[in-house]
Number of protein chains: 2
Amino acid sequence: MYTPDDIDLKLLRQLQKNANITIKELANLTNLSNTPVHERIKKLERNGYIKQQVVLLNRNLLGKKLIVFCNVKLKEHTKEIGNRFVKDITSLKQVTECYNISGDFDFLLKVMVDDMEAYQDFVLNDLGKVKNIGSAHSTFVMGEIKYSTEIPI
Amino acid sequence: MYTPDDIDLKLLRQLQKNANITIKELANLTNLSNTPVHERIKKLERNGYIKQQVVLLNRNLLGKKLIVFCNVKLKEHTKEIGNRFVKDITSLKQVTECYNISGDFDFLLKVMVDDMEAYQDFVLNDLGKVKNIGSAHSTFVMGEIKYSTEIPI
DNA sequence: ACTGAAAGACGTCGAAT
DNA sequence: ATTCGACGTCTTTCAGT
């Protein structure tokens with residue numbers, strides 16, 4: 001098992017802020033030359049520390065004005081029913097995040113849609129088709145204060 | 001104001017899945033040559049549709065085993081107190097997301113830490129220093145079912 | 001607005017230390 | 001494990017349609 005050292009962590013911190021940065025710039029920041037920087041990044045990728053490289057889009061410009069956190073409780077808590085729910089919910093593209101949580105509810109969904117009408121449609125046509133949902137409670141996002149994909153390292 | 005057409009949307013869908021894809025590959029997918037693909041991407045960047053290019057890291061490998069959703073209610077709801085809270089909370093690196101929400105609480109924080117001990121430390125030393133918090137309720141993540149940065153377009 | 005090709009920059013690899 | 005240098009590929013630009 002591979003453990004990143006301080007230089008690796010420095011590279012990861014830079015890359016999760018801006019993946020466009022060139023190897024040459026990273027080499028300057030770490031006082032190394034291209035090759036070791038390149039090899040370190042490849043090693044971090046091979047070992048699963050770097051999962052993916054993506055662009056982040058502006059959801060408002062693309063019409064996705066509404067985020068809703070939807071708390072869901074299942075009717076029963078058997079393994080089969082849980083697995084089925086996970087499979088169904090994962091396939092819904094409006095559900096960008098889903099967590100199994102502690103407390104009064106079983107799952108927390110982050111749902112991204114155009115507007116309130118689209119959310120109503122989501123609840124009726126998408127969530128409505130998912131079996132064994134006992135209850136659901138929606139919390140509406142009025143303002144996005146902070147959104148970061150950075151892991152605090 | 002610029003509005004993306006179907007080809008632009010196709011490019012955006014690809015790029016938010018994988019920003020490593022080459023312009024040549026995107027050109028093949030859209031039956032275009034390099035130049036228009038390159039120009040379209042630059043235009044989408046200039047117009048703010050593409051905000052950022054980042055790598056996504058594996059939080060578990062980096063020791064961030066615990067995510068907590070923390071619901072916060074302020075003591076008072078004046079503009080000054082709200083602004084101050086936003087400023088304070090935004091500066092905390094463990095708070096990766098923060099939303100102003102409807103319902104019994106005012107804000108929902110997504111907090112990422114190593115473990116329960118680190119969360120206790122966060123609540124006492126970081127959240128504890130933020131003024132005007134009336135009450136806070138923590139929901140612990142037991143399992144991450146889905147996490148995607150993709151905007152559903 | 002797109003094609004095709006040319007120029008330049010960058011990622012990538014091998015030899016050497 | 002790092003440096004240097006060379007090669008190949010991709011981004012980027014430009015003339016032409």
Side-chain angles (χ1 to χ4, degrees), chain A residues 1-64 148-153, chain B residues 1-64 148-153:
Chain A
M1 199 50 220
Y2 172 67
T3 305
D5 63 11
D6 286 350
I7 296 175
D8 289 326
L9 291 178
K10 195 166 186 177
L11 296 175
L12 292 177
R13 278 188 212 103
Q14 287 294 333
L15 288 169
Q16 64 174 345
K17 279 196 212 306
N18 172 26
N20 264 330
I21 192 168
T22 62
I23 289 188
K24 189 177 282 187
E25 286 175 290
L26 288 171
N28 285 336
L29 288 170
T30 52
N31 295 316
L32 292 171
S33 62
N34 282 12
T35 315
V37 172
H38 181 250
E39 278 173 359
R40 280 165 182 271
I41 292 173
K42 288 300 165 195
K43 193 168 188 175
L44 289 164
E45 284 173 354
R46 275 200 310 278
N47 287 276
Y49 286 89
I50 296 174
K51 289 195 301 184
Q52 219 182 342
Q53 183 165 333
V54 300
V55 300
L56 302 180
L57 305 183
N58 185 322
R59 66 178 174 88
N60 278 310
L61 288 180
L62 291 161
K64 303 297 162 188
S148 171
T149 58
E150 287 178 44
I151 310 295
I153 51 174
Chain B
M1 197 53 218
Y2 172 66
T3 304
D5 64 11
D6 286 349
I7 296 175
D8 288 326
L9 291 178
K10 195 165 186 177
L11 296 175
L12 291 177
R13 279 187 212 106
Q14 287 295 332
L15 287 169
Q16 64 174 345
K17 280 196 212 303
N18 172 26
N20 264 330
I21 192 168
T22 64
I23 289 187
K24 188 178 282 186
E25 286 175 290
L26 288 171
N28 285 336
L29 288 170
T30 52
N31 296 315
L32 292 170
S33 60
N34 280 12
T35 315
V37 172
H38 182 251
E39 279 172 358
R40 280 165 181 272
I41 293 173
K42 289 298 165 196
K43 193 168 190 176
L44 289 164
E45 285 173 355
R46 276 199 311 277
N47 287 277
Y49 286 90
I50 296 175
K51 289 196 300 184
Q52 218 182 344
Q53 183 166 332
V54 300
V55 301
L56 303 180
L57 305 183
N58 184 323
R59 66 178 173 86
N60 278 310
L61 289 180
L62 291 161
K64 303 297 162 188
S148 172
T149 58
E150 288 178 44
I151 310 297
I153 53 174

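Small disclaimer: the values here were computed from a predicted structure and weren't measured. Chain naming here is simple, since letters A, B, ... match the order of the sequence lines and numbering starts at 1 in each.
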>> I need the CG-C1' distance between Asn20(B) and dT12(C), as an integer number of Å.
In response: 14 Å
> Within a radius of less than 6.0 Å around NZ of Lys24(B), do more than 12 heavy atoms belonging to other residues, nucleotides or ligands occur?
Replying inline: no
>> Please check this pair: side chain of Asn18(B) against backbone of Asn20(B), looking for a donor-acceptor N/O pair closer than 3.5 Å.
In response: yes
> For the pair made of NZ in Lys24(B) and P in dT11(D), what is the distance, rounded to whole Å?
Replying inline: 9 Å
> Among residues 36-54 of chain B, which contact DNA chain D at a heavy-atom distance under 4.0 Å?
Replying inline: His38(B), Lys42(B)
> Between Gln52(A) and Lys17(B), is there a donor-acceptor pair closer than 3.5 Å when you use the side chain of the first and the backbone of the second?
Replying inline: yes
>> I'd like to know if Thr35(B) reaches the base of dT12(D) with its side chain, counting only an N/O donor and acceptor under 3.5 Å.
In response: no
> If only atom types and distance count, is the side chain of Lys10(A) paired as donor or acceptor with the main-chain N or O of Leu29(A) below 3.5 Å?
Replying inline: yes
> Has the side chain of Arg59(B) got a donor or acceptor atom that lies under 3.5 Å from a matching backbone atom of Ile151(A)?
Replying inline: no
> Given that Asn34(B) and Ile7(B) both sit by DNA chain C, which one's nearest nucleotide is further toward the 5' end?
Replying inline: Ile7(B)
>> Out of the candidates Thr35(B), Thr30(B), Asp5(B), only one should pair with Arg40(B) under the side chain to side chain donor-acceptor pair (under 3.5 Å) rule; please name it.
In response: Asp5(B)
>> Strictly below 4.0 Å, N to O, side chains only: are Glu45(B) and Lys42(B) in salt-bridge contact?
In response: yes
> What is the distance, rounded to the nearest whole Å, between atom CD1 of Ile21(B) and atom C1' of dT11(D)?
Replying inline: 15 Å
> Atom CG of Asp8(B) to atom C1' of dC2(C): distance rounded to whole Å?
Replying inline: 14 Å
> When the distance from CG of Asn31(A) to C1' of dT3(D) is rounded to whole Å, what number comes out?
Replying inline: 14 Å
>> Counting only side-chain heavy atoms from C-beta out, which of dG11(C), dG4(C), dT11(D) sits nearest to Ile23(B)?
In response: dT11(D)
> With sugar-phosphate meaning primed atoms plus P, OP1 and OP2, does Thr22(A) contact a base, only sugar-phosphate, or nothing at under 4.0 Å between heavy atoms?
Replying inline: sugar-phosphate
> Rounding to a whole Å, what distance do you find between Leu26(B):CG and dC2(C):P?
Replying inline: 14 Å
>> I need the CG-P distance between Leu15(A) and dG11(C), as an integer number of Å.
In response: 11 Å
